[in-house]
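Accompanying notes for the structure given below.
The chain is numbered in sequence order, starting from 1.
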Amino acid sequence: MASQVEKPLVNYVVLLQIIITKILLIWVSTSEAETLATSFSIERYKEDTDALLKWTTSLENRNDSLLSSWVGNSSCNWTGIVCDEFSRIRHVNLTGYGLRGTLDSFSFSSFPNLLSLNLSNNSIYGFIPPSIANLSSLIYLDLSNNRVFGRIPSEISLLTSLQTLHLDKNNINESIPSEIGKLVNLTILSLLYNQIPGRIPEEIGMLKSLNVLELSGNNLTGLIPSSVGNLANLKELAFVSNNLFGPIPSSIGNLTKLTHLYLMHNQLSGFIPPELGKLKFLTLLGLVDNELNGSLPVEMNNLTHLRHFWLSNNKFSGYLPGNVCVGMLLEILSAHDNYFTGPIPSSLRNCTSLVRVRLERNQLKGNISEELGVYPHLEYIDLSYNNLYGELSQTWGQNQRLQSLKISNNMISGKIPPQLGESIQLHLLDLSSNHLVGTIPKELGSLMSLFNLDLGDNKLSGNIPREIGMLSNLQYLNIAANNLSGPIQEQLARRSKLLSLNLSKNQFSADIPSGIGNIETLQVLDLSHNLLNWEIPPQLGELRSLEVLNLSHNKLSGSIPSTFDDMVSLTTVDISSNQLEGPLPNIKAFHQLGAFKDNKGLCGNATGLPPCISTTKGGKKGLDTVVLVIVIVIGSLFLVLVVVVILYVFCIRRTSRNNLNTTREAQDENLFALWSYDGKMAYKNIIEATEYFHTRHCVGEGGHASVYRAKLQTGQVVAVKKLKNLEESGIGDLKDFEGEIRVLSEIRHRNIVKLYGFCWSPKHSFLVYEFLEGGSLENLLRNDKATIEFGWSERLNLVRRVADALSYMHHDCSLPIVHRDISSKNILLDSEHEAYVSDFGTARLLKPNSSNWTSFAGTIGYTAPELAFTLEVNEKCDVYSFGVLSLEVIMGKHPGDLISFLSSSSPSIGYHILLVKDVLDQRLPSPEDHVAEEVVSVAKLALSCLRCNPQSRPTMQRVSQDLSARKDRDPLPKVFDRITLAELIDNARFS
């Protein structure tokens, strides 16, 4: 019985042993498998990392902070790297690490499981290798903001899993391959801001999964393919700033999910297709700057979700959509410079979401008091140059955020509502050229932010309220062509920031307030066509910044104050039709034709005026005075004659070493050659005009030369640059000097100061240039008051003109001419801020081996870095200096700290966190629209000119072409407000 009981127990023990044995065997085999798997994973991880390290070591620079996390790390814990559970690299994100080099050594075949590759914001250059097709699992590819060029390889079509492709902001300069249509899983395609030419391939319509299509800022041409209408999932479409032409395809109406449509800055023509009205979810529509015409289809009334609506600079006619703000979402409406007729859209009356409205230069009609309401968010509105009538509403004062109100050149009647004074944020108020009556409300004196007030060409009466004189920020005041009367308020004359004051064509009487002479910033003063009498106050002669003065058609009497002789900045003067007498000031502006006609008894050295004769009564005393004057004159003439003779003899004795046997006339010609004048006579005139280079005629001084203003006997004013010490300056043989000067004198470019000639002698050696009254760019940028008028458009034009001049010197002259000293002190301006490159010949004339050659050939802060270790000067040195100058123009100051930041390997200055708009000249309002786009373009080009490697800098010809191509183009909406400085400098910093 017991044995029977023990038998089952034995069986259980045996069974347990068998189970334990099997468990042990399984455990052993699993451990071995795990060991093998771990070993295999490490091997595969090492294969991936070795391939990545091989590529990074092929780059031209090392990023130690990046590599320190890679080297010696056996686990997948690298900066910028993410692995899967099998230790295979699945994600690479090395954006913004300053990597510089090509992709040629990147072993794409080593990463068949890679899901994302992000190398954006580096300095990767060269072609995109066709072997990139080996990334067969890739979903996300971002090479944006590098310097990749050439073509997009057709092999990219093998990346069939790809969903996002960013190649924007590179230098791709070949057409889009048709094979791109095979990327059927693509949801984002961004190729903006490259140089892609050719047509948009029809195959683009095969990308039916696309949500975003960005092709802006290229050189695309041809028609917009109708196949675009197949992109049924598209939400954003941007073809901005290309050369596309022809009509907008009606198939775009099939994109019913579209929210953003940007077709701005092309050459599109024809009518807007009615099918566009099907895009009911559209929030941003940009058609600016095309050749589109005809009436807007009524179907556009269906676009009730619009927030931004841009139609400007086309040839549209008919009515604006009445329902444009039915959805109460519209923020920006820009339809200026078209031929729109009819009323302002009725839905705008209650459109409280409005921020910015531009409808100027159309043919709109309607009663302005009935068609506009109160807008709590409105900042800017321009309705100028239309046919609007009615009276201004009292509710305008409730627009508390309004900064600019422009309703000029309409048919507005009635009075200016005093309630406007409640809109305290107003900076600009322009109600000119209407039919306004009544007095100027004193309440406008509450607008303390106002800098521009234009009420000219109306029917206003009464006096100027003294409160207007309390507007401390006012810079432009125009109340001309009204019926204002009484004396000019003394308070008005106390405005220290005024740049332009126009009170002409009124009935102001009494005298001119002497306090006007205290407005140091004043550049334009027009008091013409009034009833002003008495004498001209001598204090007006203290207006040393004044450029335009018009006192004509008044009843002014007496003589012109002698203080006017020092108003050298004057370019335009009109004192005609008064009762003035006595001598005319001896400055060029007063000698203009018609400037002084119809007066009582003016005299002077001007055509049409009798000479001034000094007559003295009083017997012997008078006779003694006359005799004394005659003696002084004769003595002075004799002294001048003696000096001229001495100089003449001294100069002709100085001859060229190779021309000792030439005639005396030939010697004189060599010593002084002044084209357009007789050399000897011009030499004498210059010596006399500068009073032997007296300091009172000096307008500028440098280390090696001084510049004098000289008025020749012909009446022409020239600039004379007197060299200090020829041997120290490095000027060599006379023959070489003269030969090079003759080459430079043949330069003909509208933006290069004309060189007339030279004199080379031991005592007086000088160059003779065209004189420009605007002075240097350096002085202008240092003058806080004067620089306010030097606005963004003028600054951009200056940069373009300097680029054109340098391109001409480098590429269009028979022999390339290198300036060697481009700086703000050597950019001169005329009265219209037109730029002229000056002083371009001097450095070229120096001997390369002289001790002062390096310092003379440039200005500290503008010279290229390679000049610190080599004396080789070429065109790329000018390119670098141009980059510094361009930044100085838009920043309003020398960009010294920014340049240090670019060249530093461990910068401490926080430029990388700033927005572009934050480093611009803060003395000006922030640029807007196409001007903002141009400012960004100038900044980008300037930074490319500052690359440390001279060969990587663009040529001036390329810079000039790029600036011309980008002129008058608008940016993508609100892009300017978001652009960081880091986006612009990343490429330049590591170049």
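Among all heavy-atom pairs drawn from Leu378 and Val357, the shortest one is CD1-CG2, 4.1 Å. Nearest heavy-atom pair across Asn530 and Gln507 is OD1-N, 3.3 Å. Looking at every heavy atom in both residues, Leu570 comes nearest to Ala589 through O-CB, 3.6 Å. Across all their heavy atoms, Leu392 and Pro417 have their closest contact at CB-CD, 3.7 Å. The shortest heavy-atom contact between Leu276 and Ile252 is CD1-CG2, 4.0 Å. Residue Leu798 comes nearest to Leu829 through the heavy atom pair CD1-CD2, 3.5 Å, listed as atom of the first residue, atom of the second, then distance.
With respect to Leu503, the side chain to side chain contact (heavy atoms under 4.5 Å, CB included) criterion is satisfied by exactly one of Asp526, Ile464, Leu532, Leu525: Ile464.
Counting only distance, with no hydrogens or angles, the side chain of Thr571 and the backbone of Glu547 share a donor-acceptor pair below 3.5 Å. Put simply, the side chain of Ser251 gets close to the backbone of Ser226: a donor and an acceptor are under 3.5 Å apart. Looking only at distances, no side-chain donor or acceptor of Asn502 sits under 3.5 Å from a matching main-chain atom of Leu477. Using modelled atom types, no side-chain atom of Ser504 and backbone atom of His529 make a donor-acceptor pair closer than 3.5 Å. Remark: side-chain polar atoms of Asn266 are paired, donor with acceptor, to backbone N or O of Leu244 under 3.5 angstrom. In this structure, the side chain of Asn578 engages the main chain of Leu556 through a donor-acceptor pair within 3.5 Å. A donor-acceptor contact shorter than 3.5 Å links the side chain of Asn242 to the backbone of Leu220. Panel note: side chain Asn482, backbone Leu460; a donor-acceptor pair is recorded below 3.5 Å. Counting only distance, with no hydrogens or angles, the side chain of Ser353 and the backbone of Leu330 share a donor-acceptor pair below 3.5 Å. In terms of modelled atom types and a separation under 3.5 Å, the side chain of Asp289 and the main chain of Ser312 share no donor-acceptor contact.
Partners of His427 by ring pair (Phe, Tyr, Trp, His ring centres under 6.0 Å), not counting sequence neighbours: none found. Annotation: ring pair (Phe, Tyr, Trp, His ring centres under 6.0 Å) contacts of Tyr476 (sequence neighbours excluded): none. In this structure, the side chain to side chain donor-acceptor pair (under 3.5 Å) partners of Ser384, at least two apart in sequence or on a different chain, are Asp382, Ser408. Listed by chain and number, the residues in a salt bridge (Lys or Arg N to Asp or Glu O under 4.0 Å) with Arg750 are Glu834 (sequence neighbours excluded).
A side-chain donor-acceptor contact under 3.5 Å links Lys497 and Asn473.
Counting only heavy atoms from C-beta outward, the side chains of Pro927 and Leu920 approach each other to under 4.5 Å. With contacts defined as side-chain heavy-atom distances shorter than 4.5 Å, the pair Ile468/Pro465 qualifies. Inter-residue side-chain proximity for Thr352 and Tyr375 is flagged as unmet; no heavy-atom pair is nearer than 4.5 Å. Using a 4.5 Å heavy-atom cutoff, the side chains of Thr256 and Lys280 are not in contact. Between Leu268 and Ile224 the shortest side-chain heavy-atom distance falls below 4.5 Å. Inter-residue side-chain proximity for Val935 and Trp792 is flagged as met; some heavy-atom pair is nearer than 4.5 Å. Using a 4.5 Å heavy-atom cutoff, the side chains of Asn367 and Leu388 are not in contact. The side-chain heavy atoms of Leu296 and Ile272, taken from C-beta on, include a pair separated by under 4.5 Å.
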- Item | Intermediate values then yes/no, side-chain contact (heavy atoms from CB on, under 4.5 Å), Thr395 and Gln419 | CA-CA 7 Å; Thr395 61; Gln419 291 80 2; over 6 Å; no

- Please test Glu794 against Asn797 for side-chain contact (heavy atoms from CB on, under 4.5 Å), starting from the C-alpha separation and ending with a verdict. CA-CA 5 Å; Glu794 290 85 355; Asn797 185 64; 5.6 Å; no

- Given salt bridge (Lys or Arg N to Asp or Glu O under 4.0 Å), test Glu934 with Arg795 step by step and report yes or no. CA-CA 10 Å; Glu934 284 196 73; Arg795 297 186 189 209; over 6 Å; no

- For the pair Leu522 and Leu499, evaluate side-chain contact (heavy atoms from CB on, under 4.5 Å) and give the outcome as yes or no after the intermediate values. CA-CA 4 Å; Leu522 201 60; Leu499 298 176; 5.8 Å; no

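Note that CG of Leu383 is 10.0 Å distant from CG of Asn362, once rounded to the nearest 0.5 Å. The CG atom of Leu333 lies 7.0 Å from the CZ atom of Phe309; values are rounded to the nearest 0.5 Å. Atom CG of Leu450 and atom CD of Gln475 lie 10.0 Å apart (nearest 0.5 Å). Atoms CG and CG, from Leu444 and Leu429 in turn, are 6.5 Å apart once rounded to the nearest 0.5 Å. Between Asn463 atom CG and Arg466 atom CZ the span is 11.5 Å, to the nearest 0.5 Å. Taking CD1 of Ile248 as the start and CZ of Phe239 as the end, the distance is 11.5 Å to the nearest 0.5 Å.
With respect to the salt-bridge test (charged N to carboxylate O, under 4.0 angstrom), the residues Glu928 and Arg356 qualify. The pair Glu371-Lys365 does not count as a salt bridge, with every side-chain nitrogen at least 4.0 angstrom from each carboxylate oxygen.
Heavy atoms from other residues, nucleotides or ligands lying under 6.0 Å from CD of Gln400 number more than 12. Counting heavy atoms of neighbouring residues, nucleotides and ligands inside a 6.0 Å radius, atom OH of Tyr380 exceeds 12 of them.
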Using residues 337-351 as the side-chain source, report each donor-acceptor pair under 3.5 Å to any protein atom, sequence neighbours left out, with the distance given to one decimal.
| from | atom 1 | to | atom 2 | distance (Å) |
| --- | --- | --- | --- | --- |
| Asp337 | OD1 | Arg361 | NE | 2.8 |
| Asp337 | OD2 | Arg361 | NE | 3.3 |
| Asp337 | OD2 | Arg361 | NH2 | 3.4 |
| Asn338 | OD1 | Asn314 | N | 3.2 |
| Asn338 | OD1 | Lys315 | N | 3.2 |
| Asn338 | OD1 | Phe316 | N | 3.0 |
| Asn338 | ND2 | Leu311 | O | 3.0 |
| Asn338 | ND2 | Ala335 | O | 3.2 |
| Asn338 | ND2 | His336 | O | 3.3 |
| Ser347 | OG | Gly322 | O | 2.6 |
| Ser347 | OG | Val324 | N | 3.4 |
| Ser347 | OG | Cys325 | N | 3.0 |
| Arg349 | NH1 | Glu370 | O | 2.6 |
| Arg349 | NH1 | Leu372 | O | 3.0 |

Side chains of residues 431-440: which donor-acceptor partners sit under 3.5 Å, not counting sequence neighbours?
| from | atom 1 | to | atom 2 | distance (Å) |
| --- | --- | --- | --- | --- |
| Ser432 | OG | Asp430 | OD1 | 2.7 |
| Ser433 | OG | Asp457 | OD2 | 3.1 |
| Asn434 | OD1 | Asn410 | N | 3.2 |
| Asn434 | OD1 | Met411 | N | 3.3 |
| Asn434 | OD1 | Ile412 | N | 3.0 |
| Asn434 | ND2 | Ile407 | O | 2.9 |
| Asn434 | ND2 | Leu431 | O | 3.1 |
| Asn434 | ND2 | Ser432 | O | 3.1 |

